[in-house]
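For clarity, every value in this text was computed on a predicted model and none was experimentally measured.
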Amino acid sequence: MANSLAETIYVLNGPNLNLLGSRERGIYGHAKLADVEKLCADTAAQFGLKADCRQSNREGELIDFIHEAHAKKAAGIVINAAGYSHTSIALHDALMAVKIPTVEVHITNIHAREDFRHHSFTARAAFATLCGFGIDGYRLAISGLAARIGVKAKA
Ligand code: CA2
């Protein structure tokens, strides 16, 4: 990769995902957010990438993270905007503005859940969406993102 600063991917998690593993385990599983972040760091490392993992319960802070990813010349974004996926034109606009290759992840299969989860604004700004794989979706997203940006797994 030409620019060493471009070797970071931002992994952004939205509202309530800080509660992973502590409640609603029947829906979201037993893994904690720290486990997700370790999975992302380990997967990114397999491609020689760094995962900069952030979580926020505030829409504006998630937008600030997207702007920061642009300022820091991040190579990609993996985003689970959680409930904001279904409501936030502002997050969609931020992702569109920065033009960073983005994968949207949902732990659950949003299409097999309530109607209000079937539409995602943020998905329109992503080149791919993964849902229903549990937290393994983050690993798959980073692997797919690496392929999209032309980064191969290290031997
Ligand atoms: O399946 C996903 O990853 C979701 O993005 C999770 C969101 C939900 O609003 C989306 O429709 C689908 C909710 C995240 C809340 O996470 C919690 C975790 C543990 C306990 C309570 C909430």
Side-chain angles (χ1 to χ4, degrees), residues 1-22 28 31-108 110 116-153:
M1 203 173 303
N3 184 343
S4 64
L5 290 174
E7 291 174 2
T8 296
I9 58 168
Y10 273 55
V11 179
L12 305 181
N13 281 300
N16 299 306
L17 287 165
N18 54 310
L19 299 177
L20 276 177
S22 66
Y28 297 111
K32 295 184 176 303
L33 182 61
D35 300 321
V36 171
E37 294 181 346
K38 183 175 186 314
L39 174 64
C40 290
D42 290 349
T43 306
Q46 289 170 12
F47 292 94
L49 297 165
K50 178 175 172 289
D52 196 331
C53 300
R54 312 287 179 87
Q55 187 274 333
S56 179
N57 294 323
R58 287 172 287 282
E59 187 176 19
E61 189 168 30
L62 291 164
I63 292 168
D64 289 342
F65 292 156
I66 293 166
H67 294 174
E68 180 187 312
H70 179 252
K72 298 266 177 73
K73 298 184 168 49
I77 294 174
V78 172
I79 186 165
N80 182 350
Y84 287 142
S85 315
H86 315 301
T87 64
S88 180
I89 295 169
L91 272 170
H92 162 272
D93 290 349
L95 290 167
M96 291 299 290
V98 299
K99 295 187 174 63
I100 297 171
T102 296
V103 182
E104 171 156 309
V105 174
H106 296 284
I107 295 166
T108 60
I110 56 173
F116 61 80
R117 298 185 200 277
H118 294 182
H119 177 262
S120 166
F121 286 101
T122 45
R124 287 184 64 100
F127 75 81
T129 302
L130 287 157
C131 71
F133 287 103
I135 69 163
D136 201 38
Y138 290 85
R139 182 184 65 78
L140 296 167
I142 291 170
S143 177
L145 182 54
R148 172 58 68 107
I149 65 176
V151 174
K152 292 188 167 47

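Counting heavy atoms from C-beta outward, I9 and D52 have side chains that stay 4.5 Å or more apart. Side chains of L12 and V78 form no contact here, defined as non-hydrogen atoms less than 4.5 Å apart. The side-chain heavy atoms of F127 and L145, taken from C-beta on, include a pair separated by under 4.5 Å. Side chains of S143 and F47 form a contact here, defined as non-hydrogen atoms less than 4.5 Å apart.
To the nearest 0.5 Å, atom CD1 of residue I135 and atom SG of residue C40 are 8.5 Å apart. With values rounded to the nearest 0.5 angstrom, L33 atom CG is found 10.0 Å from N80 atom CG. To the nearest 0.5 angstrom, D35 atom CG is 9.0 Å from K38 atom NZ. Rounding to the nearest 0.5 Å gives a distance of 6.5 Å between NE2 of H106 and OG1 of T129. From R124, atom CZ reaches atom CD1 of I89 across 10.5 Å, with rounding to the nearest 0.5 Å.
A salt bridge does not link E37 with K32: none of the charged nitrogens is closer than 4.0 Å to a carboxylate oxygen. Salt-bridge check for R139 with D136: passed, with a basic side-chain N closer than 4.0 Å to an acidic carboxylate O.
Applying the ring pair (Phe, Tyr, Trp, His ring centres under 6.0 Å) criterion to H119, with sequence neighbours excluded, gives F121.
Remark: the backbone N or O of A82 is paired with a side-chain donor or acceptor of S85 at under 3.5 angstrom. A distance-only check finds no donor-acceptor pair linking the side chain of E59 to the backbone of L91 [under 3.5 Å]. Under the 3.5 Å distance criterion, the side-chain polar atoms of T102 are matched with a main-chain donor or acceptor of I100. In terms of modelled atom types and a separation under 3.5 Å, the side chain of E104 and the main chain of I79 share no donor-acceptor contact.
Residue A141 comes nearest to V103 through the heavy atom pair CB-CG1, 3.7 Å, listed as atom of the first residue, atom of the second, then distance. Closest non-hydrogen pair, G137 versus V105, comes out as O-CG2, 3.9 Å. Listed here is the closest heavy atom pair of V11 and A51: CG2-CB, 4.2 Å. Residues T108 and C131 approach most closely at O-CB, 3.3 Å, considering heavy atoms. P15 and A81 get closest at one heavy-atom pair: CD-O, 3.5 Å.
Residue-environment remark: NE2 (H70) stays at or below the threshold of 12 foreign heavy atoms within 6.0 Å.
Of the candidates L62, N18, L17, N18 is the only one forming a side-chain contact (heavy atoms from CB on, under 4.5 Å) with N57.
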- Message: salt bridge (Lys or Arg N to Asp or Glu O under 4.0 Å), that's the test. Do E68 and R54 meet it? Break it down for me.
- Response: CA-CA 11 Å; E68 180 187 312; R54 312 287 179 87; 2.5 Å; yes

- Message: side chain to side chain contact (heavy atoms under 4.5 Å, CB included) for L95 and I77? Distances and angles first, verdict last.
- Response: CA-CA 9 Å; L95 290 167; I77 294 174; 4.1 Å; yes

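Under 3.5 Å, the side chains of N13 and Y138 contain a donor-acceptor pair of N or O atoms.
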